[in-house]
2 protein chains.
Amino acid sequence: MTSKENPVIGREGSQPKGVARRREILDRAIDVFRERGADGTSLRRIAEAIGISHAALLHYFDSREQLLVAVYAHAEAQRSAPDSRTGVDSILDAAVINVEVPGLVQLYSTLLAASLESRSEVGKTYFSERFDRLRAELTEDLERGQDAGRIRTDVPADHLAALIIAASDGLQIQWLLEPSIGLESTLRTFAELLLPPADGDRAGG
Amino acid sequence: MTSKENPVIGREGSQPKGVARRREILDRAIDVFRERGADGTSLRRIAEAIGISHAALLHYFDSREQLLVAVYAHAEAQRSAPDSRTGVDSILDAAVINVEVPGLVQLYSTLLAASLESRSEVGKTYFSERFDRLRAELTEDLERGQDAGRIRTDVPADHLAALIIAASDGLQIQWLLEPSIGLESTLRTFAELLLPPADGDRAGG
DNA sequence: GTCTATACTTTGATAGAC
DNA sequence: GTCTATCAAAGTATAGAC
């Protein structure tokens, strides 16, 4: 169930009852964003879709931003459950899967932009830690790839990690605005850039 | 002055008087965003900083989004005036310059995220055209580089163009959240990935 | 602990007076 | 062209029922 380290993000008091109800709310809220993105999703609309008052929502989440971050974290945790590998491919695969649910990409982009604002505390913390974690995992994976000869060694792995995440994020947005760019093929091209220069013409598996 | 094709974006009626006043407003508004980003920048705050009412602002721009897009377009047009080259380096240099003004990166990210929403018409149009233009310019430049032997030819130039823009956008955000990642050095690493595989060890200028 | 009702404040937007 | 007045919607906060 991958609930060992799920970022709960809500209020502190983690009584079993509250946690269960919070999960219910998040599950319903995710559906709202799947359909409508972060667009018409005011607290009152979300609450209405769930069947409670908007004030009740704020009983579980201190602010709208906290709720939205929790929704995105919850959705992402669900998605990363199946494979849970930390490789380069998982990032690129995730990008292709993400754009199938424009509402979540939109939610991600909106929250990320908001996290840059000075007042954003929850968002800034969440995305800082998320990027730190993703970069660390990817760097490790790339270094293993370098040791195994699958990744070129003339460039630092941590740079590549940051670039892969950045390119993935940026391309998803470009694709939503112009689907003809070919998200998957473009990302595969990026993966080719990571290969070590072929000495002869030997292609690895 | 690079005013031949400046995206004016405001109202249609382009009387000289209105245009001049609109420029005044944009110039003042840019300063507001430089200081405060898209954060505390309601129409009323911007109007107050300019010295008019918020309703007067809406006389020149049909909506808040239209004003903000115009502000960003105006700021970007100012910045791209000095060099106006269309190369890969200009994109990467622009990224380094951009993060020195966090408010503008924040404004860019906010507007871009908003442009993904269904209701956004001005934003969607602006960013779609902007990405189309940037990708086309970059692709051309990369193809010239491929012909000149400066860029590797085993990957399509249009893919590289989209990736460079995406990585630049994404990295600026990562850097704002975690400056230790080294924006400039990481982008230089990306530039290295574009080089043709060295046959011997000959380094080109 | 959970939730409704309600009120407060800010915001984008519109209408009409000067 | 600019203002004041006004509106509806939204985020937030509090009081109190159960």
Side-chain angles (χ1 to χ4, degrees), chain A residues 8 10-26 28-29 32-33 36-71 107 110-111 113-115 117-123, chain B residues 10-26 28-29 32-33 36-71 107 110-111 114-115 117-123:
Chain A
V8 173
R11 276 258 171 71
E12 294 90 71
S14 289
Q15 260 69 8
K17 180 71 177 303
V19 172
R21 185 75 178 110
R22 195 161 15 218
R23 269 193 67 106
E24 262 183 65
I25 291 176
L26 290 180
R28 286 289 299 118
V32 178
F33 283 95
R36 305 196 285 230
D39 200 349
T41 52
S42 65
L43 284 180
R44 284 171 175 82
R45 271 185 201 267
I46 299 172
E48 183 188 17
I50 295 177
I52 58 179
S53 71
H54 71 281
L57 269 184
L58 292 177
H59 177 72
Y60 296 95
F61 304 92
D62 290 333
S63 68
R64 178 177 186 264
E65 189 192 23
Q66 192 180 74
L67 167 63
L68 265 50
V69 169
V71 167
L107 175 61
T110 302
L111 288 175
S115 78
E117 320 224 337
S118 52
R119 287 182 301 197
S120 164
E121 193 52 51
V122 257
Chain B
R11 276 259 171 71
E12 294 89 71
S14 290
Q15 260 70 8
K17 180 74 177 304
V19 171
R21 184 79 177 105
R22 190 155 26 210
R23 270 193 66 107
E24 261 183 65
I25 290 176
L26 290 180
R28 287 287 301 115
V32 178
F33 283 95
R36 306 196 287 229
D39 198 351
T41 52
S42 65
L43 286 180
R44 284 173 175 80
R45 273 185 201 267
I46 299 171
E48 182 190 17
I50 295 177
I52 58 179
S53 71
H54 73 282
L57 266 185
L58 292 175
H59 176 72
Y60 294 95
F61 304 91
D62 291 333
S63 67
R64 178 177 186 264
E65 188 193 22
Q66 193 180 74
L67 166 63
L68 266 51
V69 169
V71 166
L107 175 61
T110 302
L111 288 175
S115 78
E117 319 225 337
S118 52
R119 287 182 300 198
S120 164
E121 195 51 52
V122 257

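Protein chains get the first letters and strands the later ones, always in sequence-line order, with residue 1 at the start of each.
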*Whole-Å gap separating P (C/dT11) and CD (B/Glu65)*: 18 Å
*asked:* Quick check for you: to the nearest 0.5 Å, what is the distance between B/Arg119 atom CZ and B/Ser63 atom OG?
replied: 11.5 Å
*Just do the side-chain contact (heavy atoms from CB on, under 4.5 Å) check on B/Arg28 and B/Ile52 with the steps written out, would you?*
CA-CA 12 Å; B/Arg28 287 287 301 115; B/Ile52 58 179; over 6 Å; no
*Taking 4.0 angstrom as the limit, do A/Glu48 and A/Arg45 come out as a salt bridge?*
no
*From CA spacing to verdict: side-chain contact (heavy atoms from CB on, under 4.5 Å), A/Leu67, A/Tyr60*: CA-CA 8 Å; A/Leu67 167 63; A/Tyr60 296 95; over 6 Å; no
*asked:* Let me check the geometry of the helix from C/dG1-D/dC18 to C/dC18-D/dG1. What is the bend angle between the axes at its two ends, five pairs each, to 10°?
replied: 0°
*List the steps and the verdict of side-chain contact (heavy atoms from CB on, under 4.5 Å) for B/Arg64 and B/Thr41.*
CA-CA 10 Å; B/Arg64 178 177 186 264; B/Thr41 52; 3.9 Å; yes
_In this structure, how many angstroms lie between the C1' atom of C/dC3 and the CZ atom of A/Phe61, rounded?_
15 Å
_Value in whole Å for how far the C1' atom of C/dG1 lies from CD1 of A/Ile52_ = 14 Å
*asked:* So, under a plain 3.5 Å distance rule, would you say the side chain of B/His54 forms a donor-acceptor pair with the base of C/dT11?
replied: no
*Would you mind reading off the distance between A/Arg45 atom CZ and D/dA10 atom C1', rounded to a whole angstrom?*
11 Å
*Which listed nucleotide (C/dT14, C/dT2, D/dT4) is nearest to the side chain of B/Leu58?*
C/dT14
*asked:* Rounded to whole Å, how long is the line connecting atom CD1 of A/Ile50 with atom C1' of C/dT2?
replied: 14 Å
*5'-most contact on DNA chain D: B/Leu57 or A/Thr41, nearest heavy atom basis?*
B/Leu57
*Please confirm whether any donor atom in the side chain of A/Arg44 sits under 3.5 Å from an acceptor in the base of D/dG11, or the reverse.*
yes
*Identify which nucleotide among D/dA10, D/dG1, C/dG12 has an atom closest to any side-chain atom of B/Arg64, counting heavy atoms from C-beta outward.*
C/dG12
Taking only N/O atoms, report every protein-nucleotides 15-18 of chain C pair under 3.5 Å with atom names and distance.
none

*asked:* Nearest 0.5 Å, please: how far is CG in A/Leu26 from CZ in A/Arg21?
replied: 10.5 Å
*Considering all heavy atoms of both residues, which atom of A/Glu121 and which atom of A/Glu65 are nearest to each other, and what is their separation?*
N-OE1, 4.2 Å
*Specify the closest pair of heavy atoms between B/Glu117 and A/Thr110, including all atoms of both residues, with the distance to one decimal.*
OE2-OG1, 4.0 Å
_Mind checking if B/Ser42 touches a base, just sugar-phosphate, or nothing, with heavy atoms under 4.0 Å?_
sugar-phosphate
*For C/dT2, take OP1 and OP2 only and decide whether either is under 4.0 Å from a side-chain N or O of A/His59.*
yes
*For the pair made of CG in A/Leu67 and C1' in D/dT12, what is the distance, rounded to whole Å?*
14 Å
*asked:* Between B/Phe33 and B/Leu68, is the side-chain contact (heavy atoms from CB on, under 4.5 Å) condition met? List the steps.
replied: CA-CA 9 Å; B/Phe33 283 95; B/Leu68 266 51; 3.7 Å; yes
*asked:* Please report the interatomic distance CG(A/Leu43) to CG(A/Leu58), rounded to the nearest 0.5 Å.
replied: 5.5 Å
*Between A/Glu48 (CD) and D/dA10 (C1'), how many Å, whole number?*
14 Å
*Is the phosphate of C/dG1, meaning OP1 or OP2, less than 4.0 Å from a side-chain N or O of A/Tyr60?*
no
*Separation of B/Leu43 atom CG from C/dT9 atom P, in whole Å?*
21 Å
*Measure from the side chain of B/Ala56, starting at C-beta and using heavy atoms only, and say which of C/dT2, D/dT2, C/dT11 lies closest.*
D/dT2
